[in-house]
Asker: 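This is the structure, below, for whatever I ask next.
Numbers restart at 1 for each chain; the letters A, B, ... are given by sequence-line order, proteins then strands. All values below come from the heavy atoms of this structure, side chains included, with hydrogens, waters and symmetry mates left out. These numbers were taken from a predicted model, which means no experiment stands behind them.
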Number of protein chains: 2
Amino acid sequence: MRASTRVQPKPPSRPRKPSSRTASPAAAPARKAPRQIRSRATVDAIVDAAARVLRQDGYDGTTTNRVAEVAGVSVGSLYQYFPNKEALVRELLERHDRAMWTVFTDQSTCAIGRPFAEAVPAVIDALFAAHLVDPQLHQVLHQQIPRVGALALLHATSVRSRAVVEGLLQARTEEHQRGDDVPTAALVVVESVEALIHASIALPPAQANAVQRHASELVLGYLGVARPGT
Amino acid sequence: MRASTRVQPKPPSRPRKPSSRTASPAAAPARKAPRQIRSRATVDAIVDAAARVLRQDGYDGTTTNRVAEVAGVSVGSLYQYFPNKEALVRELLERHDRAMWTVFTDQSTCAIGRPFAEAVPAVIDALFAAHLVDPQLHQVLHQQIPRVGALALLHATSVRSRAVVEGLLQARTEEHQRGDDVPTAALVVVESVEALIHASIALPPAQANAVQRHASELVLGYLGVARPGT
DNA sequence: TGAATATGCGAGCAAAAGCTCGCGTTGTCA
DNA sequence: TGACAACGCGAGCTTTTGCTCGCATATTCA
């Protein structure tokens with residue numbers, strides 16, 4: 001299993017990084033898809049390794065060479081399936097987003113029919129739960145969205161959960177006091193709750209729980225809904 | 001004003017970037033301070049240029065060479081006053097933080113003696129106003145805190161304003177309903193308000209204003225304080 | 001006015017990181 | 001079982017970028 005050595009002296013030149021100044025919205029040139037089982041395993045190994053390295057070393061500390069090394073494959077193999085680093089991260093982003101969304105919908109849908117004062121905390125708790133899917137990776141990914149040009153993606157979780165909240169508020173206008181401006185209300189709710197979630201990730205579990213409880217009360221107070229215990 | 005040319009062939013070696021994996025908490029080796037007026041102007045030009053470039057091109061798009069170019073000086077001059085890129089950004093961070101803090105205290109202190117239902121919105125509005133000092137730069141800086149090792153700095157605005165809020169809540173426990181856990185309450189308030197501020201930066205002015213109004217109501221509802229107009 | 005000091009210059013080095021390419025290896029299919 | 005394709009390899013090229021260093025120019029001061 002040895003490979004050859006030399007490379008011809010001077011292949012013209014290459015564009016390399018778009019340099020973020022000219023952030024290309026065009027993005028992924030795509031690469032070939034795995035056909036045999038062997039290669040599918042390789043791709044998985046690469047993606048898993050990317051997640052590990054990203055979690056541990058952050059975006060900048062993550063190099064394609066390192067990812068390949070951790071995955072136990074060579075860089076060449078990596079570039080056979082991902083046109084560039086960005087595409088690799090984007091793939092990870094999509095997987096992560098799917099996982100979070102699954103958790104969120106699983107936990108929130110069943111609660112939406114219940115009384116408002118219960119439904120709201122349930123949705124909020126679902127959002128918290130969704131963020132418990134690999135919080136470290138989420139952190140890194142969340143910080144790096146603008147650089148991956150995938151604004152529209154991790155945003156996807158926010159955008160979609162905002163849509164859910166907006167739908168909920170719109171459907172039951174008589175049960176709260178924000179009927180005059182539902183879109184803004186949804187934005188306020190999701191945005192502030194997500195902030196609390198991100199803050200609580202770095203907190204000791206005890207206080208994180210406190211913050212989660214307060215998140216519900218924050219929103220209920222804002223919506224003018226009488227709290228269950230009051 | 002020409003300069004020389006060659007450099008000796010091989011000065012041993014240099015460590016270069018700490019690579020973010022080994023993020024050094026030690027940080028800035030410091031450099032010499034400007035003594036003549038001429039050099040003070042140079043330093044200002046450099047910092048101003050850094051702000052401009054950072055605003056326009058983001059952290060990654062910002063290179064020391066480009067900053068020097070925009071400042072109208074040479075890289076050599078830049079490195080005479082800043083040991084590295086990080087130190088330059090840190091300086092900018094400190095300036096920005098000072099400016100924001102000034103605005104915040106100016107607007108909030110005068111309102112703290114007023115009735116609670118007025119004081120709270122005043123403090124929140126002050127926080128909004130503070131973020132109007134160069135929002136674009138704030139955005140970039142805010143995203144890059146972890147990489148500049150200056151967590152403790154831009155965080156400073158958050159930490160200090162949280163202290164203000166905590167003081168306010170602690171001093172007037174009878175006027176709100178979060179006396180049982182003031183630290184968490186302060187965290188919840190500052191964190192969610194800041195999230196709304198950051199969200200509103202990207203919004204059209206009309207909706208940004210709506211969000212700002214809602215921010216006050218969010219907090220007042222959470223604290224269980226009767227709103228002025230209700 | 002001349003030495004000493006401060007300031008400024010900018011070509012270019014060295015390290016890091018993304019990525020390619022020619023070839024060896026494994027799997028598939030007739 | 002042989003041929004063809006999919007897969008895997010990894011040395012090393014190329015670009016980028018932070019940063020240095022020897023020297024020129026400006027300022028200060030006795």
Asker: Would you kindly give the CZ-to-P distance between B/Arg40 and C/dG8, to the nearest whole Å?
Answerer: 11 Å
Asker: Between B/Arg55 and B/Val140, is any pair of side-chain heavy atoms under 4.5 Å apart?
Answerer: no
Asker: Salt-bridge test for A/Asp134 and A/Arg95: reply yes if a basic N is under 4.0 Å from a carboxylate O, no otherwise.
Answerer: no
Asker: With a 4.5 Å limit on heavy-atom distance, are the side chains of A/Gln107 and A/Leu127 in contact?
Answerer: no
Asker: What's the closest nucleotide to the A/Lys85 side chain, out of D/dG8, C/dT7, C/dC19?
Answerer: C/dC19
Asker: Between B/Gly76 and A/Arg35, which has a closest nucleotide on DNA chain D that is more 5'?
Answerer: A/Arg35
Asker: So, OP1 or OP2 of C/dG8: does either fall under 4.0 Å of a side-chain N or O from B/Tyr81?
Answerer: yes
Asker: When you measure from the side chain of A/Gln80, which nucleotide among C/dT7, C/dG18, D/dC7 comes out closest?
Answerer: D/dC7
Asker: Name the closest nucleotide to the A/Tyr79 side chain, picking from D/dT20, D/dA6, C/dT20.
Answerer: C/dT20
Asker: Would you say A/Leu88 and A/Tyr81 make side-chain contact, with heavy atoms under 4.5 Å?
Answerer: no
Asker: I'd like to know if A/Asn84 reaches the base of C/dC19 with its side chain such that a donor and an acceptor end up less than 3.5 angstrom apart.
Answerer: no
Asker: Using a heavy-atom cut-off of 4.0 Å across all strands, would you classify A/Arg38 as base, sugar-phosphate, or nothing?
Answerer: base
Asker: Please tell me if A/Ser39 has a side-chain N or O lying less than 4.0 Å from either OP1 or OP2 of D/dC7.
Answerer: yes
Asker: Which listed nucleotide (D/dC9, C/dG27, D/dG18) is nearest to the side chain of A/Ser74?
Answerer: D/dC9
Asker: Is A/Ser77 close enough to D/dC7 that one of its side-chain N or O atoms is under 4.0 Å from OP1 or OP2 there?
Answerer: no
Asker: So, is A/Thr64 close to the C/dG18 phosphate, meaning a side-chain N or O under 4.0 Å from OP1 or OP2?
Answerer: yes
Asker: From the options C/dG18, D/dC7, C/dA11, select the nucleotide whose nearest atom is closest to the side chain of B/Val75.
Answerer: C/dA11
Asker: Can you measure B/Gln36 atom CD to D/dT27 atom P for me and round it to whole angstrom units?
Answerer: 7 Å
